[in-house]
Enquirer: 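Structure provided below as structure tokens; questions to follow.
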Amino acid sequence: MLLLCRFDVTEAEVDEFVDSADRALALLTARDGCLGGELARAIEEPATWVLTIRFESVVAYRRALSGFEVREHVIPLLSRARVDVQSAHETALTAEGGATHRHTSLLAKDAGTVRLGEAAGPADPR
């Protein structure tokens, strides 16, 4: 599972923002199931930043965000993220050392067609 948050940060806010992201990354990467994270700045648009954090699973993501210290320091930072784009993504492919690995989707095949109140079929990943 990948958490990908985009931020618009003015030059005057950069130091405070980076300090906040530093604390958030330290707290989250110390949690079980967090595989790592990074903060990056767009080269062409220096006011655009992205925070990415990788988790073993959706459960690990939710557990990582549940601790008091995380809620106290991380949630305020994440609330500054842009809301016009999705932030939580499931991992489809990973690669290392020239080899790729496909991950089974967590979404049912009919996830895009089943409406609220309808029963989905058996759990059959995409």
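Values reported hereafter were calculated over all heavy atoms of this structure, with side chains retained and with hydrogens, waters and symmetry mates removed. Just so you know, residue 1 is the first one in the sequence shown, and it goes up from there.
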Enquirer: So, do Cys34 and Arg63 sit near enough that their side-chain heavy atoms are less than 4.5 Å apart?
Expert: no

Enquirer: Could you check Trp49 against Asp8 for side chain to side chain contact (heavy atoms under 4.5 Å, CB included), going step by step and ending with a plain yes or no?
Expert: CA-CA 6 Å; Trp49 292 73; Asp8 295 319; over 6 Å; no

Enquirer: Answer yes if Leu51 and Ile75 sit in the same cluster of Ile, Leu, Val, Met, Phe, Trp and Tyr residues linked by side chain heavy atoms under 4.5 Å apart, and no otherwise.
Expert: yes

Enquirer: Between Glu45 (side chain) and Ala42 (backbone), is there a donor-acceptor pair under 3.5 Å?
Expert: no

Enquirer: Side chain to side chain contact (heavy atoms under 4.5 Å, CB included) for Leu4 and Val50? Distances and angles first, verdict last.
Expert: CA-CA 7 Å; Leu4 182 120; Val50 64; 3.9 Å; yes

Enquirer: With a cut-off of 3.5 Å and sequence neighbours excluded, list every side-chain donor-acceptor pair involving residues 16-29.
Expert:
unit_1, atom_1, unit_2, atom_2, d
Glu16, OE1, Arg80, NH1, 3.1
Arg23, NH2, Glu69, OE2, 2.4
Thr29, OG1, Leu25, O, 2.6

Enquirer: Taking the side chain as every heavy atom from C-beta outward, state whether Leu93 and His103 have any pair of such atoms under 4.5 Å apart.
Expert: no

Enquirer: Check Ser105 against Glu90 and note the closest heavy-atom contact, atom names and distance.
Expert: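 Shortest heavy-atom contact: OG-OE2, 2.7 Å.
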
Enquirer: Distance from Leu3 atom CG to Arg54 atom CZ, nearest 0.5 Å?
Expert: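 Here the interatomic distance stands at 11.5 Å.
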
Enquirer: Report yes or no: do Val74 and Val9 belong to one cluster of Ile/Leu/Val/Met/Phe/Trp/Tyr joined by side chain heavy-atom distances under 4.5 Å?
Expert: yes

Enquirer: Distance from Arg102 atom CZ to Thr91 atom OG1, nearest 0.5 Å?
Expert: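 Between atom CZ of Arg102 and atom OG1 of Thr91 there are 14.0 Å.
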
Enquirer: Looking at every non-hydrogen atom in both residues, tell me the closest pair between Ala81 and Cys5 and how far apart they are.
Expert: CB-CB, 3.8 Å

Enquirer: How many angstroms lie between CG in Asp84 and CZ in Arg6, if you round to the nearest 0.5 Å?
Expert: 8.5 Å

Enquirer: Any chance you could lay out the salt bridge (charged side-chain N to carboxylate O under 4.0 Å, His left out) test for Arg41 and Glu11, step after step, and finish with the verdict?
Expert: CA-CA 12 Å; Arg41 187 179 205 173; Glu11 196 58 40; 2.9 Å; yes

Enquirer: To the nearest 0.5 Å, what is the distance between OH on Tyr61 and CZ on Phe55?
Expert: 7.0 Å

Enquirer: Please check if atom CZ in Arg71 has more than 12 non-hydrogen atoms from other residues, nucleotides or ligands closer than 6.0 Å.
Expert: yes

Enquirer: Check whether Leu2 and Val58 end up in the same hydrophobic cluster, where Ile, Leu, Val, Met, Phe, Trp and Tyr are linked by side-chain heavy atoms less than 4.5 Å apart.
Expert: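 Different clusters.
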
Enquirer: Take atom CD1 in Ile43; do more than 12 heavy atoms of anything else shown fall under 6.0 Å from it?
Expert: no

Enquirer: Within the structure provided, determine whether Leu65 and Leu78 are in side-chain contact (heavy-atom separation under 4.5 Å).
Expert: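 Leu65 vs Leu78: side chains touch.
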
Enquirer: If you compare all heavy atoms of Ala88 against all heavy atoms of Met1, which two are closest, and at what distance to 0.1 Å?
Expert: CB-CE, 3.7 Å

Enquirer: Let me confirm one number: the CG-CD1 distance from Leu35 to Ile53, rounded to the nearest 0.5 Å.
Expert: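 The CG atom of Leu35 sits 11.5 Å away from the CD1 atom of Ile53.
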
